[in-house]
Amino acid sequence: MLSILFYTLSLLATLVAASIQIVPGSTVTTAGTNQHMQAHGGGIVEVDNVFYQIGENKLNGSAFQSINCYSSTDLVQWTFVNELLTLQASGDLGPNRVVERPHVIYNDASSQYVMWMHIDNSSYGEARAGVATSSSICGDYTYLGASQPLGFQSRDLNVFKDTDGTAYLLTEDRANGLRIDLLSSDYLSVESATYLYAQDYEAPALYKDGSTYFMFASHESGWAPNDNIYCTATSLAGPWSAWADFATAGTNTFSSQTAAVVNINGVVMYQGDRWESANLMTSTYVWLPLTLSGTTATLHNEVNWILDISAGTWTTGPSETTPEAESSANSWAGGARILTCSACSNGSDIGYIGGPAPGGTLTFNGISSTVSTTTTIRIHHLNGDSTQRYANVVTNGVTKVVAFLPTTGGVPGTSILTVPLNSGTGNTIVFEAYDAGWAPDIDRLMVPVS
Ligand SMILES: *[C@@H]1O[C@H](CO)[C@@H](O)[C@H](O)[C@H]1NC(C)=O
Ligand SMILES: *[C@@H]1O[C@H](CO)[C@@H](O)[C@H](O)[C@H]1NC(C)=O
Ligand SMILES: *[C@@H]1O[C@H](CO)[C@@H](O)[C@H](O)[C@H]1NC(C)=O
């Protein structure tokens with residue numbers, strides 16, 4: 001009886017945890033700043049069951065502003081923790097500098113987190129690799145300097161820590177090709193060349209699956225995505241297999257460029273960047289499940305997916321209801337009104353939400369769920385500004401601030417809201433002003449049924 005109870009409880013726990021979803025390409029509102037996550041070109045490091053996403057802050061364009069660190073326990077709800085490196089008055093981390101692709105590994109002997117990053121000037125003419133250290137993953141890092149590894153150019157880079165603790169720098173050398181270099185035992189300098197791929201590929205990421213090494217990289221096409229490729233070997237020194245696509249050919253890696261490949265309790269996750277060169281801070285994260293089988297890598301495209309971290313499994317998102325903002329079941333007030341929107345579902349949306357007091361409001365009535373659960377709702381919105389808009393979103397009386405990235409060409413974008421819903425059809429979700437600002441126009445919601 002007791003064991004049945006425990007079984008039922010754990011099954012319930014699984015169900016309850018199971019609706020939190022990763023939504024590639026969406027605005028990711030982070031607690032602590034209420035802004036879209038600014039940690040581009042980086043990757044996740046797990047420390048004591050907490051996940052840390054470390055990457056570039058692009059809020060103010062391409063020039064270096066800071067390297068940011070965010071934390072999460074579910075990979076969906078993120079909290080800003082710290083700027084690991086900040087803008088200096090001059091030098092490598094000064095104004096108008098390039099500081100890209102920060103990646104961190106832990107050195108067991110020195111108990112230091114070691115960050116490697118691409119250091120450059122604004123015309124990418126220096127091509128150096130920089131290094132910084134900290135005694136805590138999300139603490140302040142001490143910048144130690146930059147150099148050309150073994151005298152070669154170095155732009156896009158990454159690091160790889162092998163299962164025996166040996167670490168390597170992956171570095172793009174425009175004159176010769178993509179390199180794997182052995183790091184010193186303290187990980188602070190480059191010791192020797194391990195392998196040189198004749199092809200000049202960039203955005204490298206290395207992953208070890210059993211005894212097989214998978215090297216991922218992209219072709220070079222600037223900020224625009226291309227069909228990224230991978231190859232395999234049983235030794236880092238080679239021989240390496242021929243390069244092949246790992247996402248559906250012609251999709252440009254589902255419109256992304258490799259940043260990292262990480263293991264989340266057995267689930268291999270690809271982390272890509274969907275760069276938006278016209279407004280880099282609106283770049284989004286394309287995190288997708290990657291199947292490695294033998295020497296084959298296959299990336300799965302998902303609109304939304306569930307990573308059950310404790311079980312080490314993933315599934316596609318549940319089926320959804322798709323309530324329209326302008327549905328007659330809803331209500332709007334305070335100046336909010338129906339607008340024509342050709343790219344919106346049902347041809348219209350609700351605009352003039354928020355704004356100066358009293359401000360427009362939109363209330364979704366009768367939002368349904370078959371279970372009481374915390375779930376991730378996708379919000380289709382339009383924001384014609386060049387900066388983020390925000391809304392207070394009140395779900396069954398509980399308020400959350402949600403950010404909405406700019407959208408282009410009148411095509412709705414997606415932001416996400418992770419909130420508890422009650423079982424039944426009695427849930428209400430209200431959009432209203434945050435700080436007297438205008439909220440985006442709202443097209444519709446996509447609400448998981450379970
Ligand atoms: C943004 O970057 C520009 C150019 O580097 C600089 O002049 C400006 O002060 C920066 N703004 C902020 C808010 O950091
Ligand atoms: C960047 O560095 C290279 C190499 O030192 C130099 O030739 C180039 O003029 C620099 N560009 C800028 C914008 O300072
Ligand atoms: C479509 O929009 C009209 C208003 O333009 C609204 O009355 C109707 O309820 C909407 N349809 C759905 C399915 O929400």
Side-chain angles (χ1 to χ4, degrees), residues 56 58 60-65 87-101 117-131 143 145-157 171-176 200 202 220 222-223 277 280 319-353 360-369 377-382 393 410-412 414 417 425-431 439-449:
E56 307 157 26
K58 294 282 192 222
N60 192 22
S62 62
F64 174 63
Q65 210 178 335
L87 187 62
Q88 306 294 304
S90 62
D92 285 0
L93 308 182
N96 300 311
R97 297 288 303 179
V98 167
V99 180
E100 292 178 342
R101 297 190 180 267
M117 72 214 95
H118 172 197
I119 295 289
D120 226 318
N121 65 10
S122 59
S123 62
Y124 289 83
E126 292 178 7
R128 293 184 293 147
V131 63
Y143 182 71
S147 60
Q148 291 200 331
L150 306 174
F152 297 108
Q153 294 179 27
S154 177
R155 292 191 176 84
D156 278 6
L157 61 70
T171 140
E172 188 256 322
D173 166 8
R174 195 61 54 94
N176 298 290
D200 199 22
E202 61 182 13
E220 290 173 352
W223 297 108
S277 59
L280 281 167
S319 59
E320 299 165 321
T321 58
T322 57
E324 296 289 343
E326 69 278 13
S327 161
S328 49
N330 297 339
S331 53
W332 44 93
R337 50 189 180 267
I338 297 183
L339 302 176
T340 300
C341 164
S342 56
C344 290
S345 51
N346 198 32
S348 40
D349 63 14
I350 298 291
Y352 295 92
I353 302 165
T361 62
L362 163 66
T363 302
F364 281 85
N365 297 306
I367 296 293
S368 66
S369 174
I377 294 169
R378 290 184 286 139
I379 306 166
H380 273 191
H381 72 276
L382 282 175
V393 182
V411 177
T414 301
L417 169 70
T425 57
N427 297 284
T428 60
I429 301 181
V430 183
F431 289 76
D441 299 354
I442 301 294
D443 175 15
R444 67 168 167 178
L445 306 181
M446 268 80 101
V447 185
V449 297

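Indexing begins at 1, ligand by ligand and atom by atom, following the structure's order.
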query = Is there a protein heavy atom less than 4.0 Å away from atom 14 (O) of ligand 2?
reply = yes
key: Distance-minimising heavy-atom pair for W332 and E326   = CH2-O, 3.6 Å
note = Under 4.0 Å from one or more heavy atoms of S328, ligand 3 contributes atoms 9 (O)
task = Identify, for atom 4 (C) of ligand 2, the protein heavy atom at the shortest distance, and state residue, atom and that distance.
result = G125 O, 3.5 Å
query = What's the shortest heavy-atom distance between N427 and S369, and which atoms?
reply = ND2-N, 4.3 Å
inquiry  = Among all the protein's heavy atoms, is there at least one whose distance to atom 2 (O) of ligand 2 comes out below 4.0 Å?
reply    = yes
ask   = What distance do Y352 atom OH and D441 atom CG have between them, rounded to the nearest 0.5 Å?
value = 8.0 Å
remark   = heavy-atom search around atom 7 (O) of ligand 3 in the protein gives E326 O, 4.1 Å
query = Do the non-hydrogen side-chain atoms of N96 and N121 ever get within less than 4.5 Å of each other?
reply = no
Test item: protein heavy atom less than 4.0 Å from atom 9 (O) of ligand 2 = no
message = Would E324 count as being in polar contact with ligand 3, using the rule that some N or O on each side must be under 3.5 angstrom apart?
response = no
ask   = Can you tell me the protein heavy atom closest to atom 5 (O) of ligand 3 and the distance?
value = S348 OG, 3.9 Å
task = Can you see which heavy atom on I442 is nearest to which on A325, and at what distance?
result = O-CB, 3.2 Å
note = For atom 12 (C) of ligand 2, the closest protein heavy atom turns out to be N121 ND2, 3.3 Å
inquiry  = Counting only nitrogen or oxygen atoms and a 3.5 angstrom limit, does S122 reach ligand 2?
reply    = no
Straight-line distance of S90 OG to R97 CZ, nearest 0.5 Å = 10.0 Å
note = Of all heavy-atom pairs linking A146 and D92, the shortest is CB-OD2, 3.7 Å
task = Indicate yes or no: at least one non-hydrogen side-chain atom of P412 is less than 4.5 angstrom from one of L382.
result = yes
key: Nearest neighbour in protein (non-hydrogen) for atom 11 (N) of ligand 3   = N346 ND2, 3.0 Å
